[in-house]
Amino acid sequence: MMSKLKLDKDEKQLLDAYEAGDFESVLTPTRKKQIQDMAKQTFKKDKRINIRISSRVLDAIQKRALEEGIPYQTLVSSILHKYVSGSLHDVTASKRMQ
């Protein structure tokens, strides 16, 4: 069961406008194509890697992927992408730095 999201003022206003049918996209065809091209490049899989990890870690990744309903390789790729793009941070390393 998904928990109820906590929205800030701007998010709530946007959601209310969308639900009321007042939301209008200003996405131009040019911008849409740019976004589509960026998405294709982001998810383009053109390299293979082989890594050794503990069975405990692999089991945990496979379990999490099953919960998410995605292949575990996709989850690993997503985690790596988020980390290198800066949207995933090592919480334990941050705590040690403080």
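Heavy atoms only, all atoms of each residue included: Y83 and L88 are closest at CD1-O, 3.4 Å. Closest of all the heavy-atom pairs between R31 and M38 is NH1-CE, 3.7 Å.
Put simply, CG on L14 and CG on D8 are 10.0 Å apart, with the number rounded to the nearest 0.5 Å. In this structure, CG on L75 lies 9.5 Å from CG on L80, to the nearest 0.5 angstrom. In this structure, D10 CG and L15 CG are separated by 12.5 Å, a value rounded to the nearest 0.5 Å. Atom CD1 of residue I70 and atom CZ of residue R64 lie 10.5 Å apart, to the nearest 0.5 angstrom. Distance check: Q36 CD to Q41 CD gives 13.0 Å after rounding to the nearest 0.5 Å. Note: I79 CD1 to I61 CD1 = 5.5 Å, rounded to the nearest 0.5 Å.
With sequence neighbours left out, the side-chain hydrogen bond (donor to acceptor under 3.5 Å, both in side chains) criterion links D59 to no other residue. Checked against salt bridge (Lys or Arg N to Asp or Glu O under 4.0 Å), E19 has no partners two or more places apart in sequence or in another chain.
More than 12 heavy atoms of other residues, nucleotides or ligands sit less than 6.0 Å from atom CG of D46. Within 6.0 Å of CD on Q13 lie no more than 12 heavy atoms contributed by other residues, nucleotides or ligands.
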